[in-house]
There are 2 protein chains.
Amino acid sequence: MKGKLSPRQQGILAFIRRFMDEHQFPPTVRDIQAGCDISSTSVVDYNLQVLQREGNLRRLPEVSRGIELLDGGARRGFVNVPVLASIAAGVPIPVPSQEALDDPNLENIELPTSLTQGKENVFALRVKGTSMIDAFIADGDLVLLEPVVHPDNGDMVAAWLLDDEEVTLKRFYLEGDTVRLQPANSAMEPISVPAEKVAVRGRVVGVVRTM
Amino acid sequence: MKGKLSPRQQGILAFIRRFMDEHQFPPTVRDIQAGCDISSTSVVDYNLQVLQREGNLRRLPEVSRGIELLDGGARRGFVNVPVLASIAAGVPIPVPSQEALDDPNLENIELPTSLTQGKENVFALRVKGTSMIDAFIADGDLVLLEPVVHPDNGDMVAAWLLDDEEVTLKRFYLEGDTVRLQPANSAMEPISVPAEKVAVRGRVVGVVRTM
DNA sequence: TTCTATCCAGAACAGATGTCCCAACCGCAC
DNA sequence: GTGCGGTTGGGACATCTGTTCTGGATAGAA
C-alpha cells in the first residue's frame, strides 16, 4: 500500500490538502486540473485512481467532490490518537504495531496537539479498575502515552512488571541495576525491581477523563 | 444577524452539520432536499439564502456543494473552550459572562466534542493546589465544566461554600433543606451544608491533565 | 525489434447540480 | 374581503462535473 508516488501525484495530494484547508470541501476534478496545471481531466481521474489504489484517499463514485483524504484525516493542530486497549492489573500493554493501527474497529479520538505537546505517535489506553489511584487516575480515564522504552529519571511511565505480570503507572528512577518505581502519591511506598524485570512501554503525557 | 430561524431552516442547518460530520464535504441542494423531506430544490435554495442572510453559512455561487458553515469558525466536531480562571481554595469561581468570553487575553483550548459530550457553553478552570485530590484531580489539571446552577443529585459539581469562602468539587445531593457534598474518595467524610449556603456554578463534565 | 505497463492529451457523454421562473399557499394587517 | 411579505411546489435550463473513449508517448523487459 506504500508504493511511492509520482511528483504529479504528490502535487495533486498537496493541492487537495491546500484546497480543503482553504475551503470546507474538497476540490473537483477540474479544480485539481487547474491547480496543478494538468491538461486534461482524464489525467486527474487517472491519478486519483492511483492515489485511491495506494490508499491515500477514497473516492465516492458519481459524487461531485467525492474525495475523502485518508491520511489520518488529521487537520492542522490535531492528531489522531488510537485507543489501543484497556489496561488493568494483570494485562500487558500491547505494543502499537502497524496492523493494530489499521484495525478498523479501533477507537480513535482526535485531540489538539496542545494536549499531546506535539509528540508523535501518541497512543491512548483506557484504565480499567482502580489500580492507578495513587497517580490520581481513576477508573475509566484515558491515559495518553508516548512510546518510550528508555525513559529519563523522573518520568511518569507505564511499566510492565514481568514477575508480577502487572502494569502500573509510576515515576521511573534507574539506580544502577535496579529500577525504583515511585508512586505519585507520596503516602505510598516505592517499589524497587531489578532493571531486567521491568519493561517500560511509554511515558505518560496526559490524562483525559469524561463523566 | 440573529433573527430566529424557522423549524425548516433549523432542520436544514442540523442536516448540513450531520452530513459534514459523516462525510468530508457539504451536501448538495438535492441531498438536503432528500434529507429534510423537502419537495423542491427551490425551497432548499430559498432557505439557504435565508440562512446566508442570517449569517449561519456562506454560499459560493455556481459551485457544487459550495456551502461553508460559519458557526464561530469552529470546525465540526470541535468546540472552543475558554479557560476562565484558576480555582483554588478561597477564590470564588467567576460566572462566565459575555465580556469575559470576549477578553482577548483569555486562554482558549479547542477540544473535540467527544470530550465535552456535545454540551454547550462548556468552560474550563485550571486547578491550583491540591484541594481537589479527593476527586482524583491534581494540581495543574484542567477541569471542564458545564454551567449548571441546579444540578441533579449525584452530579459532580463545582460548589462555592459561602461560609467557608471555599470552592470544592464534590458529588451533589440535595436532601430537604440541606446539601450533602460527597467526596469522590469514599475514604473521606461528606459535608452537609444548608442549601442557601451553597452556590453551584457548574457540573463537571471532564478533566484534562498534561505533563 | 515487439510487447507491456504507465502515463498523458483531447474530446465527448450523461448525469449531477446550482439557479431561476412562475404559480400557489398561508398568515396577518388593514 | 384586499393586499402583502414570507414561504412552498413544480419544473426547466445552463452549467458543472465525474466518467469514459480513443489515441499517443515513453520506458523498460522479453
Side-chain angles (χ1 to χ4, degrees), chain A residues 1-70, chain B residues 1-70:
Chain A
M1 135 155 178
K2 264 295 167 214
K4 43 187 163 285
L5 302 177
S6 75
R8 176 157 282 181
Q9 282 147 19
Q10 292 179 28
I12 290 178
L13 218 45
F15 174 79
I16 297 176
R17 275 191 245 282
R18 250 183 298 131
F19 191 99
M20 291 189 67
D21 234 24
E22 196 161 348
H23 310 80
Q24 277 179 31
F25 44 80
T28 67
V29 170
R30 283 169 180 83
D31 288 333
I32 300 172
Q33 181 189 3
C36 297
D37 278 318
I38 298 175
S39 58
S40 171
T41 61
S42 65
V43 177
V44 178
D45 183 69
Y46 169 78
N47 285 285
L48 286 180
Q49 284 182 42
V50 175
L51 287 169
Q52 179 169 29
R53 173 156 35 85
E54 296 295 325
N56 297 87
L57 49 82
R58 202 160 67 91
R59 294 182 80 189
L60 282 72
E62 316 260 324
V63 170
S64 76
R65 304 176 192 276
I67 297 175
E68 289 178 356
L69 291 179
L70 294 180
Chain B
M1 136 160 179
K2 263 296 165 207
K4 43 187 164 284
L5 302 177
S6 75
R8 175 157 282 181
Q9 283 148 18
Q10 292 179 27
I12 291 178
L13 217 46
F15 175 79
I16 297 176
R17 278 191 242 282
R18 250 182 297 132
F19 191 99
M20 292 189 67
D21 252 5
E22 195 162 350
H23 310 80
Q24 277 180 31
F25 44 79
T28 67
V29 171
R30 283 170 181 81
D31 287 334
I32 300 173
Q33 181 189 2
C36 297
D37 278 318
I38 297 176
S39 58
S40 171
T41 61
S42 65
V43 177
V44 178
D45 183 67
Y46 169 79
N47 284 286
L48 286 179
Q49 284 182 41
V50 176
L51 287 169
Q52 178 169 29
R53 173 157 33 86
E54 296 295 324
N56 298 89
L57 49 82
R58 202 161 67 90
R59 293 182 79 189
L60 283 73
E62 315 260 324
V63 170
S64 76
R65 305 177 190 273
I67 296 175
E68 289 178 355
L69 292 178
L70 294 180

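The chains referred to below are lettered A, B, ... by the order of the sequence lines, with proteins before strands, and numbering in each begins at 1.
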Taking all heavy atoms of B/Arg65 and all of A/Ser64, pick out the closest pair and write down the distance.
NE-O, 2.6 Å
Assess the residue pair B/Phe25 and A/Glu68 against the criterion (side chain to side chain contact (heavy atoms under 4.5 Å, CB included)); give the C-alpha distance rounded to whole Å, side-chain angles, the decisive distance to 0.1 Å, and a yes or no.
CA-CA 8 Å; B/Phe25 44 79; A/Glu68 289 178 356; 4.0 Å; yes
Verify the contact: side-chain N or O of A/Arg65 to OP1 or OP2 of D/dT17, cut-off strictly under 4.0 Å; return yes or no.
yes
Nearest whole angstrom, please: distance from the P of C/dT6 to the CD of A/Gln9.
11 Å
For the pair B/His23 and B/Phe19, name the ring-plane relationship: parallel under 30°, tilted 30 to 60°, perpendicular over 60°.
parallel
Pick the nucleotide of DNA chain D nearest each of B/Thr41 and A/Asp31; which residue has the one closer to the 5' end?
B/Thr41
Please pick, from C/dT17, D/dT7, C/dA9, the nucleotide with the shortest atom-to-atom distance to any side-chain atom of B/Tyr46.
D/dT7
Examine D/dT8: is either OP1 or OP2 under 4.0 Å from a nitrogen or oxygen in the side chain of B/Asn47? Give yes or no.
yes
So if I take every side-chain heavy atom of A/Arg8 and compare against C/dT19, D/dG10, C/dC8, which nucleotide ends up nearest?
C/dC8
Can you give me the closest heavy-atom contact between B/Val50 and B/Gln9, atom names plus distance?
CG1-NE2, 3.6 Å
From CD1 of B/Ile38 across to C1' of D/dT7 the rounded distance in Å is 11 Å
Whichever of A/Ser40 and B/Pro61 has its nearest DNA chain C nucleotide further upstream toward 5':
A/Ser40
For a quick check, tell me whether the side chain of B/Ser42 and the base of C/dT19 share a donor-acceptor pair closer than 3.5 Å.
no
Judged by nearest nucleotide, the residue sitting upstream toward the 5' end of DNA chain D, B/Glu62 or B/Val50, is B/Val50
Between C/dG18 atom P and B/Ile16 atom CD1, what is the distance in whole Å?
11 Å
As a quick check of understanding, evaluate side-chain hydrogen bond (donor to acceptor under 3.5 Å, both in side chains) for B/Asp31 and B/Thr28, giving each step before the final call.
CA-CA 5 Å; B/Asp31 287 334; B/Thr28 67; 3.2 Å; yes
Give a yes or no on whether a donor-acceptor pair under 3.5 Å exists between the nucleobase atoms of D/dG18, that is its base, and the side chain of A/Ser64.
no
Testing D/dT17, D/dT7, C/dT19 for proximity to the side chain of B/Asp45, the answer is C/dT19
Between the base of C/dG18 and the side chain of B/Arg59, is there a donor-acceptor distance below 3.5 Å?
no
With the side chain defined as heavy atoms from C-beta on, B/Ser39 is closest, among C/dC7, D/dG9, C/dG18, to D/dG9
Rounded distance (Å) that lies between atom C1' of D/dT20 and atom CD of A/Gln49:
10 Å
What is the distance, to the nearest angstrom, from the CZ atom on B/Arg53 to the P atom on D/dT7?
8 Å
Given D/dG9, C/dA9, D/dT7, identify the nucleotide with an atom nearest to the side chain of B/Val43.
D/dG9
Does B/Arg30 have a side-chain nitrogen or oxygen under 4.0 Å from the phosphate oxygens OP1 or OP2 of D/dC16?
no
Whole angstrom value for the distance that separates P of C/dT6 from CG of A/Leu48:
17 Å
Shortest non-hydrogen contact between B/Asp37 and B/Arg8, atoms and distance
O-NH2, 4.2 Å
B/Leu60 CG to C/dT19 P, in whole Å, measures 9 Å
Can you check the B/Phe25 CZ to C/dA16 P distance for me, whole Å?
14 Å
